[in-house]
Amino acid sequence: MMASVAARELADGEVVFVGIGLPNLACNLARATHAPRLVLIYESGAVGAAPERLPVSIGDPALVTGSLMVCGMVDVFQLLLQNGRVEVGFLGGAQVDRYGNINTTVIGPYARPTVRLPGSGGAAEIAIHAQRTLVVSKLSPRAFPERVDFITSPGHRSGGVPRTQLGMPGAGPVKVITDKAVLEADEATGELVLAALYPGVDPSEVQAGVGWPLGSRPRLGRIDPPTATDLRLLRHVLDPKRLHLKA
Amino acid sequence: MMASVAARELADGEVVFVGIGLPNLACNLARATHAPRLVLIYESGAVGAAPERLPVSIGDPALVTGSLMVCGMVDVFQLLLQNGRVEVGFLGGAQVDRYGNINTTVIGPYARPTVRLPGSGGAAEIAIHAQRTLVVSKLSPRAFPERVDFITSPGHRSGGVPRTQLGMPGAGPVKVITDKAVLEADEATGELVLAALYPGVDPSEVQAGVGWPLGSRPRLGRIDPPTATDLRLLRHVLDPKRLHLKA
Amino acid sequence: MRDAIARFVHDGDTVVIEGFTHLICFAAGHEIIRQGRRDLTLCRLTPDLIYDQMIAAGCARKLVFSWAGNPGVGSLHAFRRAVEGKGGPPLEIEEYSHFGMVARFAAGAARLPFWPMRNYMGTDLPAANPRIRHVTCPYTGAALATVPALNPDVTIIHAQRADALGNTQLWGLVGVQKEAAFASAHVIVVVEELVEEAVIRSDPNRTAVPAMIVDAVVVEPWGAHPSYAQGYYDRDNDFYVAWEAISRDPDALERYLDDCVRGVSDRAAYLEKHPGLTARLKAAARFCSGVNYGF
Amino acid sequence: MRDAIARFVHDGDTVVIEGFTHLICFAAGHEIIRQGRRDLTLCRLTPDLIYDQMIAAGCARKLVFSWAGNPGVGSLHAFRRAVEGKGGPPLEIEEYSHFGMVARFAAGAARLPFWPMRNYMGTDLPAANPRIRHVTCPYTGAALATVPALNPDVTIIHAQRADALGNTQLWGLVGVQKEAAFASAHVIVVVEELVEEAVIRSDPNRTAVPAMIVDAVVVEPWGAHPSYAQGYYDRDNDFYVAWEAISRDPDALERYLDDCVRGVSDRAAYLEKHPGLTARLKAAARFCSGVNYGF
């Protein structure tokens, strides 16, 4: 469901910086349905990838074979990302806060963490430079605290300062796609608010998974369930081994 | 003769940044005689070139075909030159002064030149970064003034300040190969002094071609004439059309 | 070519036709002359014959460069006349070394406002060009030279092949073409051959410029002559030698422009004016082997 | 391999084994473990399984990195235990993002003391790592983030092929190998295949690392397993999945090291321990066509 909802956010021909897992599934679903000319960029250096199998990692050899361009990582970060060529960035994270700040670094204090997470990878700079980012994460009070323990990837407001004042070129996390609803950033405050609900979900269920008093758009959208085509592609073509779908 | 003398300055296996014309001839002569493993780098991006014909320009296609590596010019200047990998740089110039400063920019004032020369190209940074440079120029009072009109490529002392104080990594122009003698930089003062004479040349002839009172090494070297092999290679193999030899 | 130049090159623009000896797009320069563009700021490491022609034709207001000569031959005389005040249209200049120009394109491509380098100590270049400045390293305290980013309005690059969308592959000397293209607001790619997307996809490490930054693809065989295209045709060294006499004489230069540039409608007509040229310069076959991209 | 590691990797050195998923030289990491090196500062964008093994084996004093996980699978548990203070040798960390690490190698390769970037505003990374600093642009006055150069004592890169002198070609994902090699005081190149110099010279645009910066060439087929070599063998994703359970349990990890690293003399013996592996992972043939280098 999340993969299908995320796929709909991608317009044909857009340049997308793809992370592994669900974002990768969403991008390849979009490519197989309404956006055949989506340009997939992986931070590993594959541009315009056309993987013949679902890549297990963002450095999978299937991303190279038959891609349009393979470049070094200096070029990925300077000529593509910092240059402003990435239209959509996908981010996930252990924690997402009220202003869309994301933590993939540590749970607990940095010097003595309870859980050491992998760290930024390319996420910090994707959050800063992509023209817009989409965040994908399952709702839970632990995953959506009011403040993250560590800001790995900045959202709309960091230390009280809005991102434009901090000089970030991209628009930041415009949508957060969860397993129950889609949150959007309020244009004025940068705060994440409820924007649309999955079929059969009550707003109180969303609030229960979020650690701050969740605002709401004046009129809530309704999210259509995945089409039969989407489900068939996801289950039988894109991820037959259920590497990502079961998660 | 100059090509042959310059060739002797190159040791086998050295990495040489090659300019067009006489330096190119000298390097290819060295490669054909005592230094078969000389690594020729051209600022155009050809590394380890093995040209099958004498290249007319430093961007000749013959420098690419069969070379060890072709890289972009960002890499040439950052990864090879600024990185300190170039052991020998060759420079020529319209004017060479008392301290080995070279002018290839203008004769006369910069804003209103009498003669506009081509400019630096890569010469300024070669003079700064190559571990040592060899200068090749014919003697004449006009070509060897006490001070050049414009310092394109710095020598041993610029504006009275020694090059080490200016922070230049390379040793600078250790030898100046002319058509009558070889000048060397005095280690203490950085001034070019007479070091060795061509057969049959009197020191006064050298002084006549230099615009400052020319000092001298305590003991002058004697330069052997080109070997028969050198002459045969230069005239019949390397430059049969006399593109550079006549000049 | 006509449409691409009309659409993306405007009077007053900052224009780059790059290529270090190799893959210099003379066809595009000629079309700019034919369309009578004015007040251009022309940027390029080595202005070469094509900018000498554009200067003579009155297209340029300013030249940004690092080495202005006829490589291995002599001078660019239209350029020299302008700078020495000996006739021809006036020309402002902004001068760097090669490393400086390369760094300006690198900064532009990375969308950084400047590029640091260890350079220019002891030279008179910073005195001649106040845009060469310094920055202090926040770690060592050392002073480093800087050059400002160069972000042209349009960059024109010539390449061996591209697909219809503009995914472009070139080999042999690659100069600063990739950086110039990424630094630019618009990019025109001119190719010897249009190929299927599958050809590009068969060897993705050879792609230098992706379609996402390309605005127009022009197919123009022999479009780089008298420059060359590795694997397609050799450099016309005879023409470079001949240019010395042509450009030295303003009348001869004007006749050349009338005859071979303004007097032809396009590159095909230019080639018809030079019978025997393609047979004389066509490249020999020296194919490398392919590599395995399988997994 | 034994000689190259003995000669160029010393206790206390700053060591880089690069490769982004692709061409990670496990064979070199294993030899370092076998030779019992200590107090190494290990640097790498993605520490991956090989650094998890080296951390568990007690080779590392410090880790410099930007993403420490088992891609697509889970955690590097030896790394996590060290950082979370849950057993195993202590480990100092210095952390960047990928762009930061890439820029550190780029600065090191260019022998600049720092690299500027538009990055890190709004993140907590500079607070966690005081080596992330700022510089003021001498043209715009804008503040730019900086990272310091990284210049390792030794970098080990794995490649598809090189000649005997070390002129090295790789394709597929090339990561930051070129920059890491140029940044380093010493370079060890490990290849799937040693080829004649003529093979390298037939396609010079594919050469990433020239012999002049290479100290040792080691021929080690399958030396990147469980990582992969495009055109030679596929990634052993099953082993990456299996690592989750092995590394989660310190005893299992120790048994793995005893069995597959310390318990074998070299890569050939390692391959003998994994019968069927080469047949399972051998790459299919997907050769591209060559291009013409003639003139």
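Remember, it's a predicted structure, so these values are computed and weren't measured experimentally. Each chain gets a letter, A, B and so on, in the order its sequence line appears, and its residues count up from 1.
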Looking only at B/Pro154, B/Cys71, B/Pro61, B/Ser120, the option with the highest number of non-hydrogen pairs under 4.5 Å against chain C is B/Pro61
Max heavy-atom pair count under 4.5 Å with chain B, selected residue of [options]:
options                               : answer
C/Val241, C/Leu76, C/Leu125           : C/Leu125
C/Trp171, C/Phe65, C/Tyr228, C/Tyr120 : C/Tyr228
C/Gly172, C/Gly72, C/Gly69            : C/Gly172
C/Ala106, C/Pro71, C/Ala128           : C/Ala128

In this structure, CD1 of C/Ile213 is separated from NZ of C/Lys178 (nearest 0.5 Å) by 10.0 Å
| field | B/Arg132 bridged to B/Glu14 by N-O distance under 4.0 Å | value |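 Counted as a salt bridge, because a side-chain N and a carboxylate O are separated by less than 4.0 Å.
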What part of [X] is in contact with chain B, defined as an atom under 4.5 angstrom from a non-hydrogen atom: side chain, backbone, both or neither?
X        : value
C/Met101 : neither
C/Asn119 : both
C/Leu173 : both
C/Arg286 : side chain
C/Ser75  : neither
C/Phe99  : both
C/Glu179 : side chain

Side chains of [X] and [Y], donor plus acceptor under 3.5 Å:
X        : Y        : result
C/Trp243 : C/Asp52  : yes
C/His158 : C/Glu18  : no
B/Glu43  : C/His98  : yes
B/Asn83  : B/Arg85  : yes
B/Gln82  : C/Arg118 : no

Report task. Check for a donor-acceptor pair, side chain of B/Ser158 on one end and backbone N or O of C/Gly122 on the other, with a separation under 3.5 Å. Result -> yes
| field | Lys/Arg cation over aromatic C/Tyr51: C/Arg44, 6.0 Å, 45° cone | value |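 The answer is yes; both the distance and angle limits are met.
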- Item | Cation-pi check, B/Arg116 onto C/Phe79 ring (under 6.0 Å, within 45° of axis) |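 Not satisfied by the 6.0 Å and 45° rule.
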Using heavy-atom distances under 4.5 Å, tell me whether [X] contacts chain C through its side chain, its backbone, both, or neither.
X        : result
B/Val70  : side chain
B/Val115 : both
B/Leu166 : both
B/Pro55  : neither
B/Ser67  : neither
B/Tyr110 : side chain

- prompt: Parallel under 30°, tilted from 30 to 60°, perpendicular over 60°: which one fits the rings of C/Phe239 and C/His225?
  reply: tilted
